[in-house]
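Note sheet for the following structure.
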Amino acid sequence: MSSCGCDFGISVGPAMMAAGFLHRIERGKRHKGVDLQRLAVTIACLLEGDAPARFDFAAQAEELDTSVERLRAQVAWLVEREFLALDGDVDGVARLWVNPALAFAPGTDPRTVAARHRFPYIMPAEKGMAAEEPVVAYTYAPELWEQVYEAQREMFEYPPVFSRCEQHAR
């Protein structure tokens, strides 16, 4: 059995697919850079409990084989569409809050992060890419996040976890 340094993974929400849909629609084939869902998972894997992800643009650009400028543009796209919230960028290290509709760390309450940043609840439309508007974003409302939590209580309390570590991936 191999040992690993990770102590948790992440759970992804419906906004992960929605982000991919929206990005493909807006950017189309002319897009150059890292696959958006790969970037979102990379950022989410940096979450440590109920705190923002610390994202080092230079280190991540090297790991993702892209330029810092392209990576910054993609993060800005995610921030502009409220998949992320930027809470400072000092010396190339950004503090990024992740919309819990996109991903969250197990053991955290998505309602807290949603309230802190007034994140909308984002999800793919019922017909996905075939829909006229393939992404639905519901404006932040505490009642909505409470309904989402109650409807998916088991997922939030006992989430299926995605981990980059093969030992813990499910």
Side-chain angles (χ1 to χ4, degrees), residues 5-24 26-27 33-61 63-64 66 68 70-90 92-124 135-142 144-149 151-153 155-165 168-170:
C6 78
D7 56 358
F8 71 95
I10 61 163
S11 289
V12 298
M16 185 66 72
M17 185 178 289
F21 284 173
L22 192 57
H23 196 251
R24 280 191 294 276
E26 290 184 10
R27 303 289 178 153
V34 177
D35 172 80
L36 190 84
Q37 289 174 313
R38 180 176 176 209
L39 174 59
V41 167
T42 297
I43 294 168
C45 282
L46 298 172
L47 288 170
E48 293 184 23
D50 190 22
R54 286 179 167 56
F55 189 79
D56 183 326
F57 281 99
Q60 292 299 329
E63 182 162 325
L64 296 169
T66 192
V68 170
R70 283 192 178 155
L71 201 53
R72 282 188 175 282
Q74 287 181 292
V75 168
W77 185 92
L78 287 164
V79 169
E80 184 178 320
R81 284 146 190 88
E82 298 183 278
F83 291 101
L84 302 174
L86 176 63
D87 187 22
D89 183 344
V90 177
V93 178
R95 288 171 38 100
L96 298 169
W97 292 92
V98 178
N99 182 328
L102 183 72
F104 62 95
T108 61
D109 187 336
R111 298 168 295 185
T112 304
V113 173
R116 181 178 294 132
H117 298 285
R118 303 187 59 76
F119 277 126
Y121 187 74
I122 305 169
M123 59 186 277
V135 175
V136 180
Y138 297 98
T139 303
Y140 172 77
L144 174 61
W145 277 98
E146 186 63 37
Q147 288 173 352
V148 167
Y149 184 84
Q152 300 175 27
R153 179 183 289 276
M155 183 190 73
F156 289 121
E157 293 179 1
Y158 307 101
V161 175
F162 167 81
S163 176
R164 287 198 257 182
C165 166
H168 294 113
R170 291 192 244 168

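Here CZ of Arg70 is found 13.0 Å from CG of Leu64. Values are rounded to the nearest 0.5 Å. Note: Leu78 CG to Leu22 CG = 9.5 Å, rounded to the nearest 0.5 Å. Taken to the nearest 0.5 Å, the CZ atom of Arg95 stands 14.0 Å off from the CG atom of Leu84. If you take CG on Leu36 and CE on Met16, they are separated by 8.5 Å, rounding to the nearest 0.5 Å. Rounded to the nearest 0.5 Å, atoms OG1 (Thr139) and CD (Glu82) are 8.5 Å apart.
Considering only heavy atoms from C-beta on, Leu96 comes within 4.5 Å of Leu86 through its side chain. In this structure, Glu26 and Trp77 have side chains that are in contact, with non-hydrogen atoms separated by less than 4.5 Å. Here the side chains of Val75 and Ile43 are in contact, with some heavy-atom distance below 4.5 Å. Between Arg81 and Val135 the shortest side-chain heavy-atom distance does not fall below 4.5 Å. Here the side chains of His23 and Gln37 are not in contact, with every heavy-atom distance at 4.5 Å or above.
A salt bridge does not link Asp87 to Arg116: none of the charged side-chain nitrogens sits closer than 4.0 Å to a carboxylate oxygen.
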Evaluate the criterion side chain to side chain contact (heavy atoms under 4.5 Å, CB included) for residue pair Glu63 and Thr42; output intermediate values, then yes/no. CA-CA 10 Å; Glu63 182 162 325; Thr42 297; 5.6 Å; no
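Identified under the ring-ring contact (aromatic ring centres under 6.0 Å, His included) test for residues 42-61, with sequence neighbours left out: Phe55-Phe57. Residue pairs meeting the side-chain hydrogen bond (donor to acceptor under 3.5 Å, both in side chains) criterion with at least one member in residues 99-110, sequence neighbours excluded, are Asp109-Arg111.
The shortest non-hydrogen separation linking Pro120 to Trp145 is O-CZ2, 3.6 Å. When every heavy atom of Tyr121 is checked against every heavy atom of Gln152, the shortest pair comes out as OH-NE2, 3.8 Å. Here the closest heavy-atom approach between residue Pro124 and residue Ala18 is recorded as N-CB, 3.7 Å. When all heavy atoms are compared, the tightest approach of Phe119 to Pro100 is CD1-CD, 3.8 Å. Minimum heavy-atom separation, Tyr140 to Ala114: CE1-O, 3.5 Å. Nearest heavy atoms, Ala103 versus Val98: O-CG1, 3.5 Å.
Ring-plane geometry between Trp97 and His117 is classed as tilted, the angle between the planes lying from 30 to 60 degrees on a 0 to 90 degree scale.
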